Engineer: 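Starting off with a structure, shown below.
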Amino acid sequence: MTLTGFKLDLSRYKSPSRRYFSRPTLTVAEALLGSYVRHESPDGIVGGMIVEAEGYLHTEPGCHAFNGETNRNRAMFGPPGHVYTYFTYGNHWMFNIVTEKEGCGCAVLIRALEPVEGIDQMWSRRPKARREIDLANGPGKLAAALNLSRDQYGWDLLDSKLSVLVPPAGYRKRIIKAYGGVVTTSRIGLGENKAAGLPYRYYLKEHPYVSVRIKRGKG
DNA sequence: GAGACGATTTTCT
DNA sequence: GAAAATCGTCTCG
């Protein structure tokens with residue numbers, strides 16, 4: 001039983017195929033809600049259910065790949081289902097999943113999750129958190145809680161210590177319903193001239209572990 | 001090699 | 001609600 005009352009049955013989750021990640025970025029971003037991220041880190045397994053994600057398309061300036069390939073964003077141009085991590089604001093790592101065809105430059109930012117496995121380890125990696133809800137309700141917090149950083153850059157989610165597991169369709173529908181459906185809004189933290197208004201953010205409406213609830217856009 | 005900036009978090013008012 | 005903290009990456013010279 002999780003803190004939110006919904007009984008998450010991890011045994012029903014399975015590894016997706018490569019095709020799961022090669023679909024359109026926004027499709028993947030929404031599909032990842034209710035999915036599970038699991039990291040078999042050296043200090044133990046940590047994992048949780050994704051409750052918030054954002055899509056980034058190479059065609060819009062909010063995306064790191066908008067201006068082409070660089071040393072930093074190279075992983076975004078790799079095969080789908082691989083990991084793109086980057087460092088920002090002097091302190092924080094962000095965890096992204098590459099989508100669409102290889103060479104596309106598209107990805108999904110995982111912004112929040114509900115801790116399920118390895119919660120003790122998450123507490124140790126998030127010493128400033130006061131409540132369990134604060135362990136991973138933001139992209140920087142999430143990466144810290146899951147022990148993700150430069151080390152995971154370019155990893156394959158289908159063949160590494162870091163993986164995504166997806167629930168059966170019917171079970172996923174129950175999850176979505178349990179949390180009041182999916183909300184679509186504009187993305188968080190983008191400058192005004194960086195396609196800030198595009199509705200590429202998705203989260204579980206009533207889930208308490210979502211990072212930010214007030215932002216313009218539909219929903 | 002210098003300067004500007006950021007897909008954030010935390011603390012203080 | 002405002003602002004500091006903090007440093008890798010990119011751009012330009």
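Quick caveat, the model's predicted, so the values are computed rather than measured.
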Engineer: Provide, to the nearest angstrom, the distance between the CH2 atom belonging to W93(A) and the P atom belonging to dG6(B).
Structural biologist: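 After rounding, the gap between these two atoms is 18 Å.
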Engineer: Given the rule in the side chain to side chain contact (heavy atoms under 4.5 Å, CB included) test, do I110(A) and I97(A) qualify, once you have shown the distances and angles that lead to the verdict?
Structural biologist: CA-CA 8 Å; I110(A) 309 302; I97(A) 298 174; 4.0 Å; yes
Engineer: At 4.0 Å (heavy atoms only), tell me whether N67(A) reaches a base, stays on the sugar-phosphate, or touches nothing.
Structural biologist: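 Result for N67(A) = nothing.
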Engineer: Atom CD1 of I188(A) to atom C1' of dT9(B): distance rounded to whole Å?
Structural biologist: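 Taking CD1 of I188(A) and C1' of dT9(B), I get 14 Å after rounding.
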Engineer: Does dG3(B) pair with anything, Watson-Crick or G-U wobble, both distances under 3.5 Å, and if so, with which nucleotide?
Structural biologist: dC10(C)
Engineer: Side-chain N or O of R126(A) versus OP1/OP2 of dT10(B): is the shortest distance under 4.0 Å?
Structural biologist: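 The answer is yes; a side-chain N or O of R126(A) sits under 4.0 Å from OP1 or OP2.
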Engineer: Choosing from dT9(C), dA5(C), dA7(B), which nucleotide comes nearest the side chain of R150(A)?
Structural biologist: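 In terms of side-chain proximity for R150(A), the closest of dT9(C), dA5(C), dA7(B) is dT9(C).
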Engineer: Closer than 3.5 angstrom, by distance alone: can the side chain of R172(A) be matched with the main-chain N or O of A31(A) as a donor-acceptor pair?
Structural biologist: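 Checking the backbone N and O of A31(A) against the side chain of R172(A), a donor-acceptor pair under 3.5 Å is found.
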Engineer: Ignoring the backbone of R72(A), work out which of dT8(B), dT11(B), dT9(C) is nearest its side chain.
Structural biologist: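 The closest nucleotide is dT9(C).
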Engineer: Are E69(A) and R74(A) close enough for a salt bridge, meaning some N to O gap below 4.0 Å?
Structural biologist: yes
Engineer: With a 4.0 Å cut-off on heavy atoms, is R130(A) in touch with a base, just the backbone sugar-phosphate, or nothing at all?
Structural biologist: nothing
Engineer: Please pick, from dT11(B), dT9(B), dA5(C), the nucleotide with the shortest atom-to-atom distance to any side-chain atom of N91(A).
Structural biologist: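 For the N91(A) side chain, the nearest candidate turns out to be dA5(C).
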Engineer: Going by ring centres under 5.5 Å and near-parallel planes (under 30°), is Y89(A) stacked on dA5(C)?
Structural biologist: no
Engineer: Within this structure, what is the CG-to-P distance between D134(A) and dT8(B), rounded to whole angstrom?
Structural biologist: 16 Å
Engineer: For Y200(A) and dA7(B), what is the distance between atoms OH and C1' respectively, to the nearest whole Å?
Structural biologist: 15 Å
Engineer: Checking contacts here: which listed nucleotide (dA7(B), dT8(B), dT10(B)) is nearest the side-chain heavy atoms of H92(A)?
Structural biologist: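 The closest nucleotide is dT8(B).
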Engineer: Could you check which of dT10(B), dC7(C), dA7(B) has an atom nearest any side-chain atom of R111(A)?
Structural biologist: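 When the side chain of R111(A) is considered, dA7(B) is the closest of dT10(B), dC7(C), dA7(B).
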Engineer: Among the nucleotides dT10(B), dA7(B), dC10(C), which one has an atom lying closest to any side-chain atom of N71(A)?
Structural biologist: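 The nucleotide sitting nearest to the side chain is dC10(C).
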Engineer: Report which part of the nucleic acid G191(A) touches: base, sugar-phosphate, or nothing (heavy-atom distance under 4.0 Å, all strands).
Structural biologist: nothing
Engineer: Rounded to the Å, how far apart are Y84(A) OH and dG8(C) P?
Structural biologist: 15 Å
Engineer: Parallel, tilted or perpendicular: which fits the ring planes of Y84(A) and Y153(A), with parallel below 30° and perpendicular above 60°?
Structural biologist: perpendicular
Engineer: Separation of N137(A) atom CG from dT9(B) atom P, in whole Å?
Structural biologist: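 Spelled out: CG on N137(A) to P on dT9(B) is 8 Å.
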Engineer: If we ignore hydrogens and angles and just use 3.5 Å, is the side chain of N73(A) paired with the main-chain N or O of T70(A) as donor and acceptor?
Structural biologist: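 The answer is yes, because a donor-acceptor pair under 3.5 Å joins these two groups.
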Engineer: Under 4.0 Å, counting only non-hydrogen atoms across every strand here, what does T88(A) touch: a base, just sugar-phosphate, or nothing?
Structural biologist: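 If one applies the 4.0 Å heavy-atom cut-off, T88(A) turns out to touch a base.
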Engineer: Take the protein atom OH of Y86(A) and the nucleotide atom C1' of dT9(C), then report the distance between them rounded to whole Å.
Structural biologist: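 Value for this atom pair: 12 Å.
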Engineer: I need the CG-C1' distance between N73(A) and dA7(B), as an integer number of Å.
Structural biologist: 13 Å
Engineer: Nearest-nucleotide wise, let me know which of K128(A) and E54(A) is further upstream toward the 5' end of DNA chain B.
Structural biologist: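 Result: E54(A).
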Engineer: So that I can tick it off, tell me whether R18(A) and D156(A) are bridged by a salt bridge, with the cut-off set at under 4.0 angstrom between side-chain N and carboxylate O.
Structural biologist: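 Counted as a salt bridge, because a side-chain N and a carboxylate O are separated by less than 4.0 Å.
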